[in-house]
Amino acid sequence: MKYWLLKTEPNVWSWQDNYKSKLHTAEWDGVRNYQARNNLKKMKKNDLCFFYHTGDEKKIIGTCKVVKEYFLDKSDKDKKFVSVMIKNEKKFLQPVTLNSIKQNPFFKDFILLKQSRLSVLNVDIKYWKKICKMSNIYQN
DNA sequence: GCCAACGTTGGC
DNA sequence: GCCAACGTTGGC
């Protein structure tokens, strides 16, 4: 089981938009960066992802689950990029802000901070657990 | 709105 | 294949 982080500009596609979709499930499309695409291709069914809002928000809103592994992104005419299907899981009681992550030295090697332009990235389990604690969703 | 950090494109 | 010029992302 792997953990990921998916970035989106909430004006374009938000947590709420995804939640309003049938079965809270929607296609994660529009990725046009090869490194991000390669990460999409590594995602397995039931892997979990953080749902991150960029722009004015810059915070992790909640978690979602990969319910369908990668397939061709129909919005890409050149057929080079792929999508996955994701389903909303848990909305954080307390969204975890980029700022709070940056403040904590624990996260100094987190890819989120090192490659600010990468929109689909792997999350080490130690960061996953720590962020879940900060969100007040999970007890441990 | 600016700009750093990347990515991409196209001339050579 | 190099790299200058240009385009994009996303944090500030």
Side-chain angles (χ1 to χ4, degrees):
Chain A
M1 161 92 98
K2 291 202 172 195
Y3 301 90
W4 308 93
L5 183 144
L6 298 171
K7 282 185 191 174
T8 180
E9 168 59 55
N11 296 328
V12 176
W13 187 256
S14 68
W15 168 271
Q16 291 81 1
D17 291 327
N18 212 89
Y19 191 81
K20 280 185 277 184
S21 302
K22 190 179 178 187
L23 301 175
H24 311 320
T25 299
E27 180 177 347
W28 196 268
D29 62 4
V31 168
R32 294 293 181 270
N33 169 285
Y34 289 105
Q35 204 179 343
R37 180 199 66 174
N38 293 343
N39 285 332
L40 286 178
K41 286 187 169 185
K42 288 182 201 159
M43 290 182 179
K44 297 296 180 191
K45 192 172 179 181
N46 296 324
D47 278 359
L48 293 173
C49 314
F50 287 134
F51 199 110
Y52 179 88
H53 281 180
T54 59
D56 293 340
E57 298 192 25
K58 291 190 270 297
K59 60 191 179 188
I60 300 170
I61 297 294
T63 64
C64 55
K65 182 190 274 188
V66 177
V67 293
K68 184 180 176 188
E69 292 175 16
Y70 78 92
F71 52 95
L72 270 183
D73 181 343
K74 286 193 284 293
S75 71
D76 174 29
K77 291 195 196 87
D78 296 334
K79 300 183 192 297
K80 285 189 285 196
F81 292 96
V82 299
S83 303
V84 295
M85 297 288 290
I86 57 150
K87 177 176 186 173
N88 297 59
E89 279 272 303
K90 301 193 176 181
K91 186 170 185 179
F92 286 166
L93 292 175
Q94 192 175 309
V96 178
T97 64
L98 177 64
N99 200 45
S100 65
I101 291 169
K102 288 184 77 171
Q103 300 297 327
N104 191 334
F106 180 82
F107 291 109
K108 71 178 176 62
D109 293 321
F110 190 16
I111 304 169
L112 181 67
L113 303 182
K114 301 204 133 189
Q115 278 179 265
S116 63
R117 293 184 53 187
L118 186 59
S119 64
V120 180
L121 52 112
N122 182 247
V123 177
D124 190 282
I125 187 160
K126 68 180 177 182
Y127 299 138
W128 180 273
K129 285 183 172 171
K130 179 75 169 174
I131 288 167
C132 287
K133 278 185 201 167
M134 291 161 73
S135 75
N136 286 337
I137 282 288
Y138 298 100
Q139 290 303 314
N140 57 327

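Chain letters run A, B, ... following the sequence lines, proteins first and then strands; every chain starts at 1. Because only heavy atoms are used, hydrogens play no part in the values below, and waters and symmetry mates are left out as well, while side chains stay in. Remember, it's a predicted structure, so these values are computed and weren't measured experimentally.
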Discussion item. Counting the atoms with a prime plus P, OP1 and OP2 as sugar-phosphate, which does A:Glu57 contact under 4.0 Å by heavy atoms, base, sugar-phosphate, or nothing?
Written reply: nothing
Worksheet item: Considering residues at least two apart in sequence or located in another chain, which fulfil the side-chain contact (heavy atoms from CB on, under 4.5 Å) criterion with A:Asn38?
Response: none
Worksheet entry | Length of the CD1-P vector between A:Ile60 and C:dG11, whole Å | 11 Å
Fill in: All ring pair (Phe, Tyr, Trp, His ring centres under 6.0 Å) counterparts of A:Tyr70, not counting sequence neighbours
none
Worksheet item: Given A:Gln103 and A:Asn99, is the side chain to side chain donor-acceptor pair (under 3.5 Å) satisfied, shown in steps?
Response: CA-CA 6 Å; A:Gln103 300 297 327; A:Asn99 200 45; 3.2 Å; yes
Discussion item. Each nucleotide in nucleotides 3-10 of chain C should get exactly one letter: B, S or -. Can you fill that in based on protein heavy atoms under 4.0 Å?
Written reply: ----BBBS
Practice prompt. For side chain to side chain donor-acceptor pair (under 3.5 Å), just list the numbers for A:Gln35 and A:Asn33, CA-CA rounded to whole Å, side-chain angles, deciding distance to a tenth of an Å, and then say yes or no.
Written response: CA-CA 6 Å; A:Gln35 204 179 343; A:Asn33 169 285; 5.7 Å; no
Item to complete: Answer yes or no: is there a donor N or O on one side and an acceptor on the other, between the side chain of A:Asn122 and the main chain of A:Tyr3, under 3.5 Å?
Response: yes
